[in-house]
Amino acid sequence: MTPEEILDEIAQQTRVCTRCPLHLSRKNAVPGEGNPHSRIMFIGEGPGFYENEQGRPFVGAAGNFLDELLGDAGFKREEVFITNVVKCRPPGNRDPEPEELNACKFYLERQISAINPDVIVTLGRVSMNYFIDKGKISLIHGRDFWSRGRMVVAMYHPAAALHQPSLRNVVKEDFAKLPSLMKKAQAARQTSTVSQDANLDLPGDDPAGNDQPEQLSLF
Ligand code: URA
């Protein structure tokens with residue numbers, strides 16, 4: 001199957017999914033959208049009110065800011081792939097429960113395999129913690145990690161920057177690093193310097209390692 005076919009199949013499956021209780025309150029599943037061949041994939045937390053209404057990711061205020069951030073980094077929304085760790089809206093926009101994350105892994109992992117991006121950008125704490133178990137966003141935002149042969153870059157959630165104006169420039173600066181991080185990721189993958197389970201690039205401004213997360217989850 002082509003990446004397009006796999007992503008279409010996943011999208012159809014999410015629309016009728018009953019793997020977790022979130023299906024009970026959803027109006028529309030939000031499987032994700034974008035370029036099946038994108039070298040970069042953006043993964044948020046879960047659909048909010050407008051996403052649940054429209055069945056599309058990041059279409060509310062946070063989505064408008066995400067579009068601006070993508071533009072600043074030289075991307076158009078349709079050139080990249082955007083999805084969430086859970087495909088149905090958690091009621092009241094609460095954090096997804098572990099069982100919900102676990103149920104939706106079935107879709108996210110297949111999306112990642114089908115697209116096979118060089119870089120995964122996590123948007124917000126929940127998505128970051130899916131990849132980097134005990135990461136702290138205030139310590140590791142804008143930095144690159146390697147996990148299962150893929151670069152993961154943790155970003156503040158665009159909505160956080162809307163609520164906390166002091167984060168706005170921080171997020172913009174972090175997004176501006178993406179083109180060079182993509183080159184770094186592509187070069188590393190092409191020369192096969194990244195082993196399947198390697199964490200080659202832990203954050204380490206502090207020589208004592210005090211700013212490093214205690215453990216990096218490799219899924
Ligand atoms: N916030 C998210 O994490 N995802 C969306 O799709 C919209 C808002």
Side-chain angles (χ1 to χ4, degrees), residues 3 6-7 32 34-45 66 69-70 72-75 79-86 98 101-102 104-158 160 170-219:
I6 297 169
L7 294 173
N35 175 6
H37 302 279
S38 178
R39 305 318 311 141
I40 187 164
M41 188 168 172
F42 294 82
I43 305 180
E45 175 174 329
L66 177 61
L69 291 166
L70 290 172
D72 289 351
F75 303 114
E79 288 169 355
V80 302
F81 196 88
I82 303 173
T83 189
N84 286 299
V85 282
V86 293
L101 289 165
N102 206 35
C104 232
K105 225 177 190 170
F106 177 68
Y107 303 114
L108 181 60
E109 291 298 324
R110 283 153 65 218
Q111 288 178 316
I112 294 170
S113 299
I115 296 164
N116 190 20
D118 295 318
V119 177
I120 288 175
V121 179
T122 61
L123 302 171
R125 179 181 47 79
V126 171
S127 172
M128 173 194 68
N129 284 149
Y130 182 91
F131 295 94
I132 303 167
D133 198 14
K134 292 186 179 157
K136 281 206 169 63
I137 192 93
S138 56
L139 295 178
I140 69 171
H141 65 88
R143 297 183 181 190
D144 53 312
F145 295 83
W146 291 94
S147 181
R148 289 201 316 188
R150 224 181 289 283
M151 183 185 282
V152 176
V153 184
M155 298 289 186
Y156 279 107
H157 197 287
V170 176
V171 181
K172 280 187 165 259
E173 281 166 23
D174 287 346
F175 265 72
K177 294 177 197 159
L178 287 177
S180 65
L181 287 175
M182 279 183 79
K183 284 197 187 120
K184 177 178 170 181
Q186 279 158 3
R189 285 184 106 197
Q190 271 161 19
T191 53
S192 300
T193 55
V194 183
S195 78
Q196 277 295 301
D197 281 327
N199 277 311
L200 300 180
D201 202 1
L202 300 176
D205 283 348
D206 174 357
N210 291 331
D211 63 352
Q212 295 188 5
E214 287 166 47
Q215 181 203 337
L216 292 179
S217 156
L218 298 177
F219 298 84

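One-based numbering along the sequence shown.
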Closest approach of [X] and [Y], non-hydrogen atoms and distance?
{"X": "Pro179", "Y": "Ala73", "value": "CG-O, 3.3 Å"}
{"X": "Gly135", "Y": "Asn129", "value": "O-ND2, 3.4 Å"}
{"X": "Val85", "Y": "Leu101", "value": "CG2-CD2, 3.7 Å"}
{"X": "Met155", "Y": "Val121", "value": "CG-CG1, 3.4 Å"}
{"X": "Gly142", "Y": "Leu181", "value": "O-CD1, 4.3 Å"}
{"X": "Ser127", "Y": "Thr122", "value": "OG-CB, 3.2 Å"}

Can you tell me how far the [atom1] atom of [X] sits from the [atom2] atom of [Y], to the nearest 0.5 Å?
{"X": "Ile115", "Y": "Met41", "atom1": "CD1", "atom2": "CE", "answer": "4.0 Å"}
{"X": "Ile140", "Y": "Lys134", "atom1": "CD1", "atom2": "NZ", "answer": "13.5 Å"}
{"X": "Ile120", "Y": "Ile40", "atom1": "CD1", "atom2": "CD1", "answer": "10.0 Å"}
{"X": "Ile132", "Y": "Arg125", "atom1": "CD1", "atom2": "CZ", "answer": "13.5 Å"}
{"X": "Gln111", "Y": "Asn116", "atom1": "CD", "atom2": "CG", "answer": "14.0 Å"}
{"X": "Met151", "Y": "Leu178", "atom1": "CE", "atom2": "CG", "answer": "9.5 Å"}

- Task: Using the test side-chain contact (heavy atoms from CB on, under 4.5 Å), find all partners of Lys183 that sit at least two apart in sequence or belong to another chain.
- Result: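 For Lys183, no residue satisfies side-chain contact (heavy atoms from CB on, under 4.5 Å) once neighbours in sequence are set aside.
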- Query: Donor-acceptor pair, Arg189 side chain versus Arg150 backbone, under 3.5 Å?
  - Reply: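 Checking the backbone N and O of Arg150 against the side chain of Arg189, no donor-acceptor pair under 3.5 Å is found.
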- Is a side-chain N or O of Asn35 found less than 3.5 angstrom from the main chain of Phe81, in a donor-acceptor match?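 Judged by distance alone, no pair lies under 3.5 Å.
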- Leu108 vs Tyr130, side-chain contact (heavy atoms from CB on, under 4.5 Å): CA-CA, chis, key distance, verdict: CA-CA 11 Å; Leu108 181 60; Tyr130 182 91; 3.7 Å; yes
- Indicate the ring-plane relationship of Phe42 and Phe175, choosing parallel, tilted or perpendicular according to the 30° and 60° boundaries.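 Ring orientation, 0 to 90° scale: parallel.
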- Decide yes or no on side-chain contact (heavy atoms from CB on, under 4.5 Å) for Val126 and Val86, but give the supporting numbers first. CA-CA 10 Å; Val126 171; Val86 293; over 6 Å; no
- Phe145 ring centre to Arg143 NZ or CZ under 6.0 Å, with the angle to the axis within 45°?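 Arg143 over Phe145 ring: no.
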